[in-house]
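Both backbone and side-chain heavy atoms feed into the values below; hydrogens, waters and symmetry mates do not.
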Amino acid sequence: MMRLPKFRFEMPGTLAEAAAIVAENPDRTRLVAGGTDLWPNLKRRHQEAGCVVSLAKVAGIAGIAGDGATGVTIGAMTTLAEICENDMLARDYPGFVRAVRSISAPVLRNMGTIGGNLCLDTRCTYYNQNEEWRRSIGYCMKAEGTVCWVAPGSSRCWATSATDSAPVLCAIGATIKLVSTEGERVIDLAALYQDDGIDYLTKRRDEILTELRLPAVGGAKSSYWKLRRRGSIDFPVLGVGAMLELDDQGVCTRAAVWLGAVRSAPVACADAAAHLVGKKIDENVVAEAAKLARKPAAPLDNTDFVVAWRKTMVERYVDGVLRELAGLPEKVKNPRHGIACV
Amino acid sequence: MTERAMRLVGNRPPQVQARERVTGEAQYVDDLAIPGLWHGVTLRSPIARGRIVEIEPDPDFDWSRVVLVDARDLPGRNVLPLILDDQPVLAEREIRHPFEPVMLIAAPDRALALEARNRLNLRYEAKPIAVEISDALEARVKVFGEDNVFKQIDIAKGDLEAGFAAATIELERDFWTGPQEQLYMEPQGMIAAWEGDQLVLRGSLQCPYYVQAAARAVFGLEPEQVRVIACELGGGFGGKEEYPSLLAVHAALLARKAGRPVKMVYDRAEDMQATTKRHPSQTRIRAGIDAEGRLTALAVDLVLDGGAYCTLSPVVLSRAVLHAGSAYACPNVAVRGRVVATNTPPNGAFRGFGAPQALFAMETMMDLLARAAGLDPLEMRRRNALRAGDETSTGQVLEQAAAADVLERAAEAADFRARRELYDRPQTGSIRRGIGLSLIMHGCGFTGAGESRLKGRLTLDLDARGEQLLVQVRTGSTDMGQGMRTTFKQLAAEILGLELDEVEVAAQDTALVPDSGPTVASRTLMIVGGLVARAARQALTSLGLEEGAGAEALRLALAGRGRLEIEEVHEPPATLFDEDHYRGQAYPSWGYACTICEVEVDMTTFEPRIVDVVTCQDVGRAIHPGIVEGQIQGGIAQGLGYAAFEEVQMHDGAMVNANFNRYIVPTAMDLPPIRVLLHESGQGAGPFGAKGIGEMPVDGAAPAYVSALAQALRTSFRELPVTPEAIAESFLRPRPGKADA
């Protein structure tokens, strides 16, 4: 049986109070929202904390406001279930809602929050194991050890970004608000991430993610496809978030393709996007863009599925997502693991 | 059997304890609060094979706070008694598999016990290992004896070479299956307490009297000195048949030394790494058919991987060889089965018990033969299905055989022929479809003379001394979710003419109930339930009452003596099966099942999706159709997990994906509704003509799935599991030998 370690626990009522507590000792303090990531990690001793600050009672950081015409703000403490059930979001940001619906299972979406999913810990075969298992291999770089067992010659940790919501949000150009005792700032969501399995967030430890902002939709369409073995529960082994805007002639005016779960951060497929912009979108253009999307993907042998197959699937999934957005005939019918929403 | 209308048999009353299980009120072993309880953990070997040099305790740790047990603490021989007596309770000098128990630690709390374990430094010399069946057969590394063979069984019938000479088509193919984890929701757990000179064991276990026998042997105790209580059981699937004996002895050793009760509950990783799995297998089949597609000769060479110790492997092998010919008549048969030793944790009992491996190979072979003969899988099976009067490979003449009946019913319900023809037409889209079937039979109850040796007992107690009539069924059979308590109440109440709540089933406590034999082998309803029915009828006879007499009549009849206790013993003649030559009646009843599976494969991603499952199973009689359907649906889900998802990844003999994140079992999202047709032939050896149904549903799922995939993809697969990667590989990088057209 796994039990939590001992730590100081705080439940402030305001953001200012929360920020002040975190500022006391940022490196030893952790924030908890729904707890679906942090509590198990603490129990398995992946992560540790001198103090845990719950955001559950902090006023004013939950809820959904606005719509696709003007843009939407979503409080970080909004649960994933609320996002799944929101009609406006389903109408104006269907790719985002599809991504959120693919996260884990209903009970965890009832507890888990959007802020928590954006800050989700990276995952790895050698890390997401119990304490005894990890001790038996001498631990790994991400927690207590020195070696990255995925790539033992490497000087960095290759744990995989596992957030389902980030790729499509990066693709549509979402921003986030970060608050600390020193003030607040708004940054691109894409800038929150960096490609390192340990320091995967650029956010300072004393900053609190309080708000997600979605830009006005305009003519953009977005989608998210998720690859996993089962129709529920599993983390992504590949996520493809894409945005496409076409003019009346079917010429692409804006495009973005982001991959999840193939590196330690969501990955922009800039070449693929650049290939789309300015062109009339047809099967060949999409196929070429999909081929270009393979390059930035670096899946390693630290998730479910065989690496070679995952790499092959990058191209096929990007091709499928873009076809869907461009209204081209579907080649992959119902990617069954991508749209599960039970 | 009387022909009167039945009141309770065939009904679907709520399962006993169903509400408590769902609401969390049911007490599992880890829920029990026992004063002064200590917690035990196990120090295990980090390597597959080698010699223990020394175990160094950290001098900076306060060892007075914990209790340590090693092999020197055993009162007698260091042997866990089972078939071969080859497995030590604790490794002494030699290590033979990864995660082998070496030392036990108990402490007032689990954290301290774990801390102490971390402070023990196990130094060892590693030796070369054998971890695959091929390593074992080469026998360069000797894990057991000179040839690594725990047991060999041969079956011979007819004239094999004459059979091949008569064949117009002959094929020879190899098949492989991997290990499978039982994955009961509740991990292994046991509490041991010494009360005076009596050892009391409470645990999550299928077979109280197996645990009693093991503890008696290790500690040299009389039967009444070992009391075993089966707690509410969170799943077993065979995984709690033999393994709890080892855990019980471990907990008892710690409790004895600590002088207080000790609890040992494995966490998920330890449970998956250290306990038994389904035996991996490698099977070569050579088969011949004549111009009509009828089997003329069948030669099967099957090898199971038993792991480092023998455990129940010879019995698993026995069932495997007896199922090697599936549900088909063949005049000339030779089966050679071997179970070999490797340096992996011992494999053991798992629902199906050797049959799923053999049947996957044979059913897939039948499809290959059908293809070679230009027949569809349905027609191939029609021509070969066993019928009443046919004889099996051991010469057992079948009085009843529903193979053709279940085949036709399932095929009709699934519209098999039309769909098969539809999917045989050229397919060019991104989705390829296929439909496949399997036809199998499963022997219900213990193999051969097993029941004659067991002599399972059951007591029925009718007590009219108080205000109310008390009727109690006392059995050592346990309820692991298969509904023993519910169906036994139905049987007794039906025959005695009582309401369900007028019958109670006593707790599974060796101090209260007799040894009904183990809760295994699909025997509980058929054999032990048969004793319930016999005892109830015996009670009526001795009271001069008719069947269905009712509470009032029973009370009146009992008025003189107050109480009546009936003991029934199951003692079939031992002569029905010749174990030396594998001839005769292998099982009292065979169940028959046809399972049809329809799949879609996405040709862009190679992901298969199971879209429909139809199954027709000859259950003899469904005492509780809801429970029977649940068994069938659960068994098929487990069989499809085996076929399509579950892959035990091994490195140097150790399971490396020992968690829910990487050992993938299907969820409700991954399976379609399973359409169940019950075939009630009424001709089983059990009460009201029931047959055992616990294991049969697992058997046919994997071959049906693979048969469907083979049609969809115009290839065949001969190795389980078939994952998307395996499908992709067969297209992108075909491997000679493992898949063929």
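Interface summary for chain B: among T312(A), T303(A), D319(A), D234(A), the most heavy-atom pairs under 4.5 angstrom belong to T303(A). When the candidates L114(B), T667(B), T723(B) are compared by the number of heavy-atom contacts under 4.5 Å with chain A, T667(B) comes out ahead. With chain A as partner, the option from N659(B), N657(B), V665(B) having the largest number of non-hydrogen pairs under 4.5 angstrom is V665(B).
The two residues E607(B) and L227(A) make their nearest non-hydrogen contact at OE2-CD1, 3.9 Å. Between T605(B) and W309(A), the closest heavy-atom pair is O-CZ2, 3.0 Å. Nearest heavy atoms, D670(B) versus G231(A): OD1-N, 2.6 Å. Between P666(B) and R230(A), the closest heavy-atom pair is CA-CD, 4.4 Å.
Salt bridge status for R117(B) with E132(A): present, with a side-chain N to carboxylate O gap under 4.0 Å. Under the 4.0 Å criterion applied to side-chain N and carboxylate O atoms, E725(B) and R229(A) are assigned as salt-bridge partners.
Within the 4.5 Å cutoff, the side chain of R268(B) has no heavy atoms near those of the N130(A) side chain.
Note: R316(A) CZ to M603(B) CE = 8.5 Å, rounded to the nearest 0.5 Å. Annotation: the span from I664(B) atom CD1 to D304(A) atom CG amounts to 4.5 Å, rounded to 0.5 Å. The CZ atom of R44(B) sits 13.0 Å away from the OG atom of S136(A) when rounded to the nearest 0.5 Å. Considering CD of E315(A) and OG1 of T604(B), their distance stands at 11.0 Å, rounded to 0.5 Å. Here E270(B) contributes atom CD and W133(A) contributes atom CH2; the two are 15.5 Å apart, rounded to the nearest 0.5 Å.
Contacts of F606(B) with chain A are made by side-chain atoms alone, with heavy-atom separations under 4.5 Å and no backbone atom involved. Heavy-atom distances place no part of E600(B) under 4.5 Å from chain A, backbone and side chain included. Looking at R135(A), the atoms closer than 4.5 Å to chain B (heavy atoms on both sides) all sit in the side chain, from C-beta outward.
Counted within 6.0 Å of CD on Q649(B), heavy atoms from surrounding residues, nucleotides or ligands total more than 12; the atom is thus considered enclosed. Counting heavy atoms of neighbouring residues, nucleotides and ligands inside a 6.0 Å radius, atom NZ of K311(A) exceeds 12 of them.
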